[in-house]
Amino acid sequence: MKRMFIAANWKSNITKNEAGIWLEAYSKNSVNTSSELVIFPPFTLLDFVSTFIKEKELNLKVGAQDISPFEKGSYTGEVSGELIKEFAEYVIIGHLERRRLLNEDKDLIFQKIDRALKNNLKILLCASNLEELAGIEDYEDMIIAFEPISAVGTKNPADLEIVRHFVNEIENRKSKIIYGGSINEENVKIYTDLENIHGVLVGSESLNVTSFINIISNVG
Ligand code: PGA
């Protein structure tokens, strides 16, 4: 059986108060699952969320939504791997929204990968097409999230054929591949049942704890 990876990307949402409510509700209704579950809160909540999870011994891990291309030092506003690794095990690199809205390019992505590796952070690399993966190795524990542009944040998940095609094109890679884009509790199983898809990256539907719990249950 495939061990699934289910990620909640909270993006630039969720206040500390809301995170407390989310986590309390999760701790009362958490699902017994063999899936690996990772929450990606905003930087402001990494400490709070990771401390809560540890204290309540929840079956959740924590990741950061981005990493600075610089090591720790005089880089105002940046959050370096050295600081992230105190709280998080994973880091997202190359999310579509950063590539498009902040013009993140391949060079920057390579620098971020380098910083993640140097700090032993596991990489969740997002790619919307094959070109974005070109030249990037399969690092240990790296996960690739296929996130087609038309599916992210649109409530319009990708056609299965598009996902199958992407997966087939990179079948020689060692990294686990997950799918992201408009996943909800009704459609999640359709994607996790696809051959060689090992999980999902969930955006908007992860903000509602009940929806996220149902997603985990429906993956089984
Ligand atoms: P969405 O976001 O589930 O809201 O489409 C997915 C993502 O951006 O990772």
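Whatever order the structure lists ligands and atoms in, that order sets their numbers, starting from 1.
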Is Glu104 salt-bridged to Lys112, going by a charged N under 4.0 Å from an acidic O?
yes
Looking at every heavy atom in both Gly63 and Leu46, which two are closest together, and how far apart are they?
O-CD2, 3.5 Å
Quick test: of every protein heavy atom, which one is nearest to atom 3 (O) of ligand 1, and how far off is it to 0.1 Å?
Gly203 N, 2.8 Å
Non-hydrogen atoms of Leu121 and Ala88 that approach each other most closely:
CD2-O, 3.3 Å
Considering the heavy atoms of Ala151, write down every atom of ligand 1 situated less than 4.0 Å from one of them.
5 (O)
Using the ring of each side chain (for Trp, its six-membered ring), is Phe40 parallel, tilted or perpendicular to Tyr90, with breaks at 30° and 60°?
perpendicular
Are Ser175 and Asp138 close enough that a side-chain donor and a side-chain acceptor fall under 3.5 Å?
yes
So which heavy atom in the protein is nearest atom 4 (O) of ligand 1, and how far is it from that ligand atom?
Ser204 N, 2.9 Å
At a non-hydrogen distance cut-off of under 4.0 Å, which region of Ser206 contacts ligand 1 (side chain, backbone, both, or neither)?
neither
Polar-atom distance check: Val202 versus ligand 1, any N or O pair below 3.5 Å?
no
Between Lys11 and ligand 1, is there a nitrogen or oxygen pair with a distance under 3.5 Å?
yes
Common cluster, Leu201/Ile136, ILVMFWY with side-chain heavy-atom separation under 4.5 Å:
no
Who's the nearest protein heavy-atom neighbour of atom 9 (O) of ligand 1, and how far?
Glu147 OE2, 2.8 Å
Lys155 touching ligand 1 at heavy-atom level, < 4.0 angstrom
no
Classify the ring geometry of Tyr179 against Phe146: parallel below 30°, tilted from 30° to 60°, perpendicular beyond 60°.
perpendicular
At under 4.0 Å between heavy atoms, is it the side chain or the backbone of Asn9 that contacts ligand 1, or both, or neither?
side chain
Check ligand 1 against Leu201 and write out every atom of the ligand that is under 4.0 Å from a heavy-atom position of the residue.
9 (O)
Below 4.0 Å from ligand 1: does a non-hydrogen atom of Gly181 turn up there or not?
yes
What atoms of ligand 1 come closer than 4.0 angstrom to any heavy atom of Gly153?
1 (P), 4 (O), 5 (O)
Within the structure, is a non-hydrogen atom of Ala145 found at a distance of less than 4.0 Å from ligand 1?
no
Are Phe52 and Tyr26 an aromatic pair by the rule of ring centers under 6.0 Å?
no
Gly181 versus Glu147, closest heavy-atom pair with distance:
N-OE2, 4.0 Å
